[in-house]
Amino acid sequence: CVSAPGEVVDLDYRGVMTIHALQPVEAVNGACIDAHMNYDEALAPAERLRDNLQRLGAWCALLGAVLSLFAAHGIAAPVGRLVHAVTPMRQGQFHAPIPVSGPSEVRGLGRAFRTMAGDLSELVGREQSARREAEAASRAKDEFLATVSHELRTPLTAILGWARLLRNGHLDPVRTERAVEAIERSADVQRRLIEDLLDVSRIVSNRLRLVLNPVDLGGIVDDALDTVRPQAAEKEVTIAVAVAPGMRVLGDAERLQQVIRNLVWNGVKFSRPGGRVQVTGRRIGSGVELIVEDQGVGIAPE
């Protein structure tokens with residue numbers, strides 16, 4: 001027997017594995033009480049419970065993995081769609097649709113991207129508009145300066161031409177008076193051109209100031225031709241005028257002179273010596289047509 005209570009796993013008298021619970025009893029002179037039961041019967045429920053727990057744990061792990069995959073897909077798919085939708089923004093396409101789906105956090109991110117795309121689109125639009133306006137203003141300024149620099153030479157040439165004729169003393173009193181008037185008109189034209197050149201606000205906005213009044217076209221043509229007659233005479237080019245008297249139009253006298261002067265000056269410039277420039281004015285309905293023809297090389301149709 002044993003001196004203290006305990007348990008022993010051993011074969012019984014039948015050779016069957018048995019769990020023995022031994023309890024010494026003093027009343028029977030140290031004898032033991034042996035309570036025993038079949039080992040397999042005692043542990044079978046525990047083993048069944050263990051097996052069940054293992055199977056249940058495996059199923060739970062599998063179910064957890066599947067749920068994790070679904071959850072990951074439920075989060076990753078909306079995020080992937082957001083990434084795909086945001087990619088065109090890198091090329092400046094801010095109007096591409098941005099999906100708002102998935103979990104609340106992903107939906108909030110989608111709404112934030114929508115707001116950001118709208119703000120960026122507005123910002124880029126303002127920047128592009130400002131750049132186009134700046135480029136247009138720069139082109140207008142360049143064109144204006146190129147035109148005015150060309151225009152400045154015409155009245156200056158007229159002033160020099162009439163001044164030379166006056167200095168040579170070959171003009172009679174009538175032509176001398178006309179020469180002085182031509183010089184004064186040319187100087188006034190140059191003054192106005194310089195005012196245009198200094199008016200930066202109109203250069204940038206590409207606006208031309210017109211002073212409209214009823215004017216006599218014949219007088220405007222004569223005044224304009226006085227500016228180029230010295231050059232025409234020097235080159236031996238004849239300027240013929242056929243404008244009916246009393247042909248009045250509504251216009252800016254100085255601007256009309258500027259146009260006529262440029263057309264006739266180009267006609268003289270590109271005519272051969274001994275050539276002819278014809279200026280003709282005629283009324284057509286309620287309007288007036290002015291034609292400047294020369295015998296030079298001409299202008300390409302385009």
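Numbering of residues begins at 1 and proceeds along the displayed sequence.
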Asks: Honestly curious: do L225 and V288 fall in one hydrophobic cluster under the side-chain, below-4.5 Å linking rule?
Replies: yes

Asks: How would you list, by chain and number, every residue that makes a side-chain hydrogen bond (donor to acceptor under 3.5 Å, both in side chains) with E135, sequence neighbours excluded?
Replies: none

Asks: Can you run down the side-chain hydrogen bond (donor to acceptor under 3.5 Å, both in side chains) pairs that involve residues 52-67, sequence neighbours left out, and say none if there aren't any?
Replies: N52-R55

Asks: If you measure from CG on L256 to CG on D223, what distance do you get to the nearest 0.5 Å?
Replies: 11.5 Å

Asks: Let me have the donor-acceptor pairs involving side chains of residues 239-254, under 3.5 Å, with sequence neighbours excluded, atom names and distances please.
Replies:
unit_1	atom_1	unit_2	atom_2	d
R248	NH2	P214	O	3.2
D252	OD1	R192	NH1	3.4
D252	OD1	E254	N	3.1
D252	OD1	R255	N	3.2
D252	OD2	R192	NH2	3.1
D252	OD2	V211	N	2.7
E254	OE1	R192	NH1	3.0

Asks: For the CG atom of L290 and the CD1 atom of I220, what is their distance to the nearest 0.5 Å?
Replies: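 Those atoms lie 10.0 Å apart.
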
Asks: Taking all non-hydrogen atoms of both residues into account, name the closest pair between D226 and P230 and its distance.
Replies: O-CD, 3.6 Å

Asks: Output yes when a side-chain donor or acceptor of W162 lies under 3.5 Å from a complementary backbone atom of T227, and no otherwise.
Replies: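 The answer is no, because no donor-acceptor pair under 3.5 Å joins these two groups.
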
Asks: Listed by chain and number, what are the side chain to side chain contact (heavy atoms under 4.5 Å, CB included) partners of I159, not counting sequence neighbours?
Replies: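 Side chain to side chain contact (heavy atoms under 4.5 Å, CB included) check on I159 returns I183, S186, A187, Q190.
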
Asks: For D172, is there an ion pair with R175 - N to carboxylate O distance below 4.0 angstrom?
Replies: no

Asks: Just to verify, what does N262 make a side-chain hydrogen bond (donor to acceptor under 3.5 Å, both in side chains) with, not counting sequence neighbours?
Replies: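 Only E151 meet the side-chain hydrogen bond (donor to acceptor under 3.5 Å, both in side chains) criterion with N262.
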
Asks: Ignoring hydrogens and angles, write down the donor-acceptor pairs under 3.5 Å from the side chains of residues 231-238, residues two or more places apart or on other chains.
Replies:
unit_1	atom_1	unit_2	atom_2	d
Q231	NE2	T157	O	2.9
K235	NZ	V268	O	3.1
K235	NZ	K269	O	2.5
K235	NZ	S271	O	2.9

Asks: side-chain hydrogen bond (donor to acceptor under 3.5 Å, both in side chains) with R276: which residues, sequence neighbours excluded?
Replies: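 So R276 forms a side-chain hydrogen bond (donor to acceptor under 3.5 Å, both in side chains) with Q278.
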
Asks: Other hydrophobic cluster members with V297, side-chain heavy atoms of Ile/Leu/Val/Met/Phe/Trp/Tyr under 4.5 Å, chained?
Replies: none

Asks: Quick one: salt bridge (Lys or Arg N to Asp or Glu O under 4.0 Å) pairs with a partner in residues 279-298, sequence neighbours left out?
Replies: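 Of all non-adjacent pairs touching residues 279-298, those that pass salt bridge (Lys or Arg N to Asp or Glu O under 4.0 Å) are R282-E289.
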
Asks: Hey, does R261 have a side-chain heavy atom less than 4.5 Å from the side chain of V228?
Replies: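 In contact.
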
Asks: Quick one: name the residues clustered hydrophobically with L49, using the 4.5 Å side-chain heavy-atom rule over I, L, V, M, F, W, Y, and just say none if it's on its own.
Replies: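 Under the 4.5 Å side-chain rule, L49 groups with L53.
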
Asks: For R126, which residues count as a side chain to side chain contact (heavy atoms under 4.5 Å, CB included) partner, sequence neighbours excluded?
Replies: E122, L123

Asks: So does R272 have more than 12 non-hydrogen atoms from other groups sitting under 6.0 Å from CZ?
Replies: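 Counting other residues, nucleotides and ligands, CZ of R272 stays at 12 neighbours or fewer.
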
Asks: Are V215 and V264 grouped together when hydrophobic residues (ILVMFWY) are joined by side-chain heavy atoms under 4.5 angstrom apart?
Replies: yes

Asks: Out of curiosity, T176 OG1 to L165 CG, how far, rounded to the nearest 0.5 Å?
Replies: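 That separation rounds to 9.5 Å.
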
Asks: Under the rule for side-chain hydrogen bond (donor to acceptor under 3.5 Å, both in side chains), what residues qualify as partners of R131, not counting sequence neighbours?
Replies: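 For R131, the residues satisfying side-chain hydrogen bond (donor to acceptor under 3.5 Å, both in side chains) (neighbours in sequence not counted) are E127.
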
